[in-house]
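In what follows, a structure is listed as structure tokens, so that the remarks can point back to it.
Bear in mind that the values here come from a model prediction, so they are computed numbers and not experimental data. Order of the sequence lines fixes the chain letters, A, B, ..., with proteins taken first and strands second; residue numbering starts at 1 for each chain.
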Protein chains: 2
Amino acid sequence: MVVHDKQNRTPVRRVTLEDVAKQAGVSRAMASLVIREEPGPTSMTRLRVLAAARMLDYRPDRRARSLASPTSRLIGVTFGGAGHFHFDLLEGLYAAAADHGYDLILSAVTPERGEQQALDSLADFRFDGLVMLGPPVAQPAMAGTIPMTVMGWSVDHESVDVVRTSDEHGMALAVNHLADLGHRRIAHLDGGRGLVANARREAYIRAMGQRGLGGETMVVSGGEDSLDGLRAAGELLAAAELPTAVVAFNDDTAAAAVSLFAREGIDVPGGISVVGWDDSHLAHNPAFDLTSVAQRPHEMARAAIERIVARCDGLDVQGREIVLEPTLVVRSSTGRPPAMDR
Amino acid sequence: MVVHDKQNRTPVRRVTLEDVAKQAGVSRAMASLVIREEPGPTSMTRLRVLAAARMLDYRPDRRARSLASPTSRLIGVTFGGAGHFHFDLLEGLYAAAADHGYDLILSAVTPERGEQQALDSLADFRFDGLVMLGPPVAQPAMAGTIPMTVMGWSVDHESVDVVRTSDEHGMALAVNHLADLGHRRIAHLDGGRGLVANARREAYIRAMGQRGLGGETMVVSGGEDSLDGLRAAGELLAAAELPTAVVAFNDDTAAAAVSLFAREGIDVPGGISVVGWDDSHLAHNPAFDLTSVAQRPHEMARAAIERIVARCDGLDVQGREIVLEPTLVVRSSTGRPPAMDR
DNA sequence: TTGAAAGCGCTACCAG
DNA sequence: CTGGTAGCGCTTTCAA
């Protein structure tokens with residue numbers, strides 16, 4: 001940052017480590033150690049430096065710091081559509097990175113700005129680890145060249161770490177919960193064509209089969225946002241037999257379905273039960289109060305950062321894929337089926 | 001970036017300007033000038049340096065570059081909810097910044113991570129200009145300390161630039177278009193409590209008044225996403241008299257309304273006309289084909305960057321607020337009212 | 001036109 | 001335990 005004077009011209013010098021050292025009456029080297037919380041300085045010097053830093057309102061220059069050390073302590077993050085869930089992940093990444101003394105540098109992937117461009121711009125900052133929040137790609141461009149973690153989907157590359165929530169387990173929780181309530185005709189309102197949607201769809205089919213409900217399988221093609229959910233729920237209504245329950249791809253589509261059902265005079269859960277996914281603010285919203293499969297974005301973020309930091313430190317990392325178990329948060333959008341048919 | 005060897009340990013040196021200079025057989029200073037496209041070197045040296053750079057696949061180190069020069073050539077960007085429109089803005093900002101030799105550093109504002117934290121982390125990179133995409137705040141923390149532009153809303157501070165689309169004009173376009181078609185009962189499905197929503201709501205009331213339709217004013221409180229739109233549209237349907245047209249806060253809410261109307265057997269535009277806002281991919285979607293108020297995100301982005309670059313160069317900037325005129329893209333969601341009442 | 005040299009703010013390695 | 005000092009990769013003087 002360059003602070004300008006009233007005429008908005010002359011850049012004013014920011015406070016440097018040198019200033020802090022001088023103020024504390026120690027050498028720059030000492031000040032550096034104190035600031036970085038490295039062992040060495042006596043608690044006496046520590047206090048003086050810290051006091052000086054505070055009174056001068058010192059903030060280390062990340063560029064200089066990153067340039068001077070062999071490791072940049074910068075973690076690149078690519079992100080795409082950035083739904084609410086991704087925002088939660090970002091929040092967690094910021095916190096976790098800070099805890100490890102790392103900084104995040106973000107790069108957006110847009111329709112016009114592809115993965116490669118996003119990575120290039122990050123590369124110009126010499127990041128030493130990469131987190132990809134999306135968009136999901138089967139073969140990330142930098143796979144194998146740098147410590148890297150993808151979040152939310154799977155990548156089949158031996159040096160790409162994966163942090164995700166178990167779709168298999170989440171779907172089993174949802175289906176079993178509904179089946180336990182007496183449901184048999186349980187539909188899946190899917191998430192479209194993405195890698196994640198595919199995984200959940202398959203998990204649904206498997207879960208239904210395992211529960212002996214293979215014959216009742218019903219997939220309605222949907223998408224990621226509420227508009228998709230609306231359309232898909234409409235298709236559901238047009239079907240010959242309405243299922244007694246539906247597991248949606250996420251809370252957005254689930255909420256859209258609930259809204260539509262309500263408008264059509266179908267009570268939730270009286271007429272139909274609905275399960276969402278992500279346990280987002282929508283699920284908490286009393287207007288929907290969705291039973292939802294909960295991922296733990298902050299834990300996922302923490303795991304991703306720890307993984308990358310470990311690899312940066314040259315530690316050997318065991319287990320390429322971290323699969324967190326989701327939980328099912330039961331709220332009022334699920335209940336017993338309208339009639340115990342069969 | 002640090003490239004690692006097979007054991008994932010020893011950082012491998014990246015190609016530096018020195019390498020390029022050596023390869024081209026010139027001094028580092030010359031190479032620097034060529035890379036930055038500064039006048040000085042002969043076209044002969046130019047060619048040699050450029051060739052060397054290309055063959056070595058040289059990319060300047062942004063940290064070093066930014067550290068060495070009095071100006072960092074880094075523009076900070078804060079962003080919040082990041083709807084589709086914000087993504088379009090980001091895309092434009094990247095392109096415009098690159099054209100001026102600047103780089104973007106992004107910082108997310110999340111529920112847990114406030115404006116101040118976001119700005120602090122940017123400040124550690126010593127950015128020399130700031131673009132705020134959101135969340136909209138009436139008094140940005142750094143107002144007056146640095147060249148800064150907010151996009152999409154207004155800030156009442158003499159040294160904060162504003163780039164936005166005229167809500168007044170956009171609303172007038174929408175209302176006049178509908179009135180010209182013969183509509184009188186034109187409702188507004190608003191955007192909730194934000195600064196932008198307020199501006200559009202007031203613009204709607206003004207536009208109706210100016211068209212002599214002050215008595216027909218009808219505001220339905222909505223929100224920013226399709227779920228809000230769905231709920232608001234439901235309220236609209238519950239009203240005693242259905243309006244013959246509705247101007248929505250954005251395309252998401254408009255599309256949700258269209259979906260709901262369709263489900264209720266109300267033809268669009270036969271039974272009711274709907275106007276969206278942003279001219280996003282939803283508006284283009286043949287399923288909706290929305291008449292929509294079009295902002296030009298790329299031009300807005302360009303204007304914001306040019307503004308900041310000008311201020312960084314110490315140029316005096318005339319006119320604190322850049323208000324772009326939106327256009328109305330007419331598609332098939334608007335038509336004549338069902339009956340020419342009154 | 002070109003090249004040598006002095007930093008930017010910091011880390012990391014020396015000697016003391 | 002402490003304080004010099006040599007860089008990191010680049011820009012920017014200033015002489016030649």
Using side chain to side chain donor-acceptor pair (under 3.5 Å) as the criterion, list what pairs up with S159(B), not counting sequence neighbours. H157(B)
What residues, two or more places apart in sequence or in another chain, satisfy side-chain contact (heavy atoms from CB on, under 4.5 Å) together with S27(B)? A29(B), M30(B)
The helix from dT1(C)-dA16(D) to dG16(C)-dC1(D): angle between its terminal axes, five pairs each, to 10°? 50°
Would you please name every residue forming a salt bridge (Lys or Arg N to Asp or Glu O under 4.0 Å) with R296(B), sequence neighbours left out? E299(B)
Whole-Å distance between dT13(D) C1' and E38(B) CD? 14 Å
Nearest 0.5 Å, please: how far is OH in Y102(A) from OG in S72(A)? 7.5 Å
R65(B) meets the salt bridge (Lys or Arg N to Asp or Glu O under 4.0 Å) criterion, sequence neighbours left out, with none
Expressed as a whole number of angstroms, how long is the span from D124(A):CG to dG9(D):P? 14 Å
By side-chain contact (heavy atoms from CB on, under 4.5 Å), which residues pair with D99(A), not counting sequence neighbours? R302(A)
Protein-nucleotides 9-11 of chain C N/O pairs closer than 3.5 Å?
{"residue": "dC10(C)", "atom": "OP1", "partner": "Y58(A)", "partner atom": "OH", "Å": "2.4"}
{"residue": "dC10(C)", "atom": "OP1", "partner": "D61(A)", "partner atom": "N", "Å": "3.4"}
{"residue": "dC10(C)", "atom": "OP2", "partner": "L17(A)", "partner atom": "N", "Å": "2.4"}
{"residue": "dC10(C)", "atom": "N4", "partner": "R28(A)", "partner atom": "NH2", "Å": "3.0"}
{"residue": "dT11(C)", "atom": "OP1", "partner": "R65(A)", "partner atom": "NE", "Å": "2.8"}
{"residue": "dT11(C)", "atom": "OP1", "partner": "R65(A)", "partner atom": "NH2", "Å": "3.4"}
{"residue": "dT11(C)", "atom": "OP2", "partner": "S32(A)", "partner atom": "OG", "Å": "2.6"}
{"residue": "dT11(C)", "atom": "O4", "partner": "R28(A)", "partner atom": "NH2", "Å": "3.0"}

In residues 41-52 of chain B, what residues come within less than 4.0 Å of DNA chain C, judged by heavy atoms? P41(B), T42(B), T45(B)
Residue set satisfying side chain to side chain donor-acceptor pair (under 3.5 Å) with R320(B), at least two apart, ordered chain then number -> none
Non-neighbouring partners of R73(A) that pass side chain to side chain donor-acceptor pair (under 3.5 Å), sequence neighbours left out: none
Restricting to side chain to side chain donor-acceptor pair (under 3.5 Å), what partner residues turn up for E112(A), sequence neighbours left out? none
Calculate the interatomic distance between M30(A) atom CE and dG16(C) atom P; express it in whole Å. 17 Å
Residue list, salt bridge (Lys or Arg N to Asp or Glu O under 4.0 Å) with R59(A), at least two apart or on another chain: D124(B)
